[in-house]
Amino acid sequence: MKILLSPAKSLDYETTLPVDKSTQPYFVDEARKINAKLERQSKKDIQTLMGISEKLADLNYQRYKAFEPDFSLSNARPAMYAFSGDVYTGLDAYTLPEDLIDAAQDRLRILSGMYGVLRPLDLLQPYRLEMGTKLAIEKHNDLYEFWKDKITPQLNEEMSSDELLVNLASNEYFKAIDVKNLHSEVISPVFKDYKNGKLKIISFYAKKARGTMARFLVEKRANSVDDILSFDQDGYHYSEKDTQKENEPVFTR
């Protein structure tokens, strides 16, 4: 089983790392190409391209300029410790025991606009680049075109045809995968909460639940649909009556 997560906009390069393990990203050369395009942009261009504040544009302008071609623990950080958004609150990587770090490295994959796809221990330098950003790279009109024929073969290479791919990424990031040419079955869990008597997807809770489920599946060494459906953390449980599509099981609380 492989488990897909989205990255986070917020980054943590301050908290002491619990391990000194790291690996190199699959697509370092591609990340260099993308950064080379970004570092030629002015602060104003970055602000317009990404629709962000002047302060954030300045921060990322500095990040692109500081990007180094070689990745090490002195200038980069393992992905699951670098991202710090709601999903990663649920994952709680800093408390993973060592044997689960290895299990996470084998099972978890993080999609990224800059790096394509990352393993938990793959090093990344500070950046901001959402997959939906309209950035033309070489002959490609945007990041979806650039990454689709790279991420999909990489996942196929890592997975057997009977292995499940659990999609806990957002729609924005999952669109970077060419599902028609993916060799594995995809299961996309949905998390809903009751609010004012109605079931709704509440973004903050759903994001955290994705990270919590990712950790649950790693801890369980999950391999089957039944393992996915047994998820029962933070008050969520599988709801057969609220599930309309077999490959989109709904979890409610």
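Keep in mind that what you see is a predicted model, and the values were worked out from it rather than measured. Each residue takes its place number in the sequence, starting with 1.
- Residues forming a side chain to side chain contact (heavy atoms under 4.5 Å, CB included) with Thr16 (at least two apart in sequence, or on another chain): none.
- Applying the side-chain hydrogen bond (donor to acceptor under 3.5 Å, both in side chains) criterion to Asp193, with sequence neighbours excluded, gives Tyr236, Arg253.
- Between atom CG of residue Leu111 and atom OH of residue Tyr173 there is a gap of 8.5 Å, rounded to the nearest 0.5 Å.
- Here Lys192 does not pair with Asp242 in a salt bridge; the nearest charged N to carboxylate O distance is not below 4.0 Å.
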**Request:** For side chain to side chain donor-acceptor pair (under 3.5 Å), just list the numbers for Asp45 and Thr48, CA-CA rounded to whole Å, side-chain angles, deciding distance to a tenth of an Å, and then say yes or no.
**Result:** CA-CA 5 Å; Asp45 288 340; Thr48 302; 5.8 Å; no
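- Scanning both residues, Ser6 and Ser170, for their nearest heavy atoms gives OG-N, 2.8 Å.
- With hydrogens and angles disregarded, no donor-acceptor distance shorter than 3.5 Å links the side chain of Glu157 to the backbone of Pro153.
- Geometric assessment of Arg119 against the ring of Tyr26 yields a positive cation-pi assignment under the 6.0 Å and 45° thresholds.
- Between Arg210 and Asp86 there is no salt bridge, since none of the side-chain N atoms of the basic residue sits less than 4.0 Å from a carboxylate O of the acidic one.
- Taken from NZ in Lys220 to CZ in Arg107, the straight-line distance is 11.0 Å, to the nearest 0.5 Å.
- Partner of Asn35 under the side chain to side chain contact (heavy atoms under 4.5 Å, CB included) criterion, out of Gln125, Met114, Lys65, Arg40: Met114 alone.
- Judged purely by atom type and a 3.5 angstrom limit, Asp12 uses its side chain to pair as donor or acceptor with the backbone of Thr15.
- Using a cut-off of 4.0 Å between Lys/Arg side-chain N and Asp/Glu carboxylate O, Lys44 and Glu54 are scored as not salt-bridged.
- With Tyr115 as the fixed residue, the ring pair (Phe, Tyr, Trp, His ring centres under 6.0 Å) test singles out one of Tyr127, Phe146, Phe83: Tyr127.
- The existence of a salt bridge linking Asp92 and Lys208 is excluded, since no basic side-chain nitrogen approaches an acidic carboxylate oxygen closer than 4.0 Å.
- Under a 3.5 Å cut-off, the side chain of Tyr94 and the backbone N or O of Tyr81 do form a donor-acceptor pair.
- Under the 3.5 Å distance criterion, with hydrogens and angles disregarded, a donor-acceptor pair is assigned to the side chains of Ser160 and Asp162.
- Aromatic ring centres of Tyr205 and Phe191 lie farther apart than the 6.0 Å criterion allows.
- Side-chain N or O atoms of Asp232 include none that pairs as donor or acceptor with a backbone N or O of Tyr238 at under 3.5 Å.
- Atom CG of Asp99 has more than 12 neighbouring heavy atoms from other residues, nucleotides or ligands inside a 6.0 Å radius.
- Side-chain atoms of Tyr144 come within 3.5 Å of backbone atoms of Glu172 as a donor-acceptor pair (strictly under, hydrogens ignored).
- Here Glu138 does not pair with Lys37 in a salt bridge; the nearest charged N to carboxylate O distance is not below 4.0 Å.
- Using a distance-only test at 3.5 Å, with no hydrogens or angles considered, a donor-acceptor pair links the side chain of Gln24 to the main chain of Phe71.
- Arg32 and Asp29 are joined by a salt bridge, as a carboxylate oxygen and a charged side-chain nitrogen come within less than 4.0 angstrom of each other.
- Between Lys148 and Asp178, none of the side-chain N atoms (NZ, or NE/NH1/NH2) sits under 4.0 Å from a carboxylate O, so this pair counts as no salt bridge.
- Distance alone, capped at 3.5 Å, is enough to place a donor-acceptor pair between the Asp227 side chain and the Asn223 backbone.
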**Request:** Show your working on side chain to side chain donor-acceptor pair (under 3.5 Å) between Gln105 and Thr23 and close with a plain yes or no.
**Result:** CA-CA 10 Å; Gln105 179 76 351; Thr23 47; 3.2 Å; yes
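- A donor-acceptor pair is defined here as one N or O able to donate and one able to accept, closer than 3.5 Å; no such pair exists between the side chain of Asp142 and the backbone of Ala136.
- A salt bridge is defined here as a Lys NZ or Arg NE, NH1 or NH2 lying under 4.0 Å from an Asp or Glu carboxylate O, and Glu158 with Arg109 meets this definition.
- Every side-chain hydrogen bond (donor to acceptor under 3.5 Å, both in side chains) that Lys2 has, sequence neighbours left out, goes to Glu163.
- Nearest heavy atom pair, residue Leu91 against residue Ala214, reads CD1-CB, 4.4 Å.
- The local environment of NZ in Lys21 is crowded, with over 12 non-hydrogen atoms from other residues, nucleotides or ligands closer than 6.0 Å.
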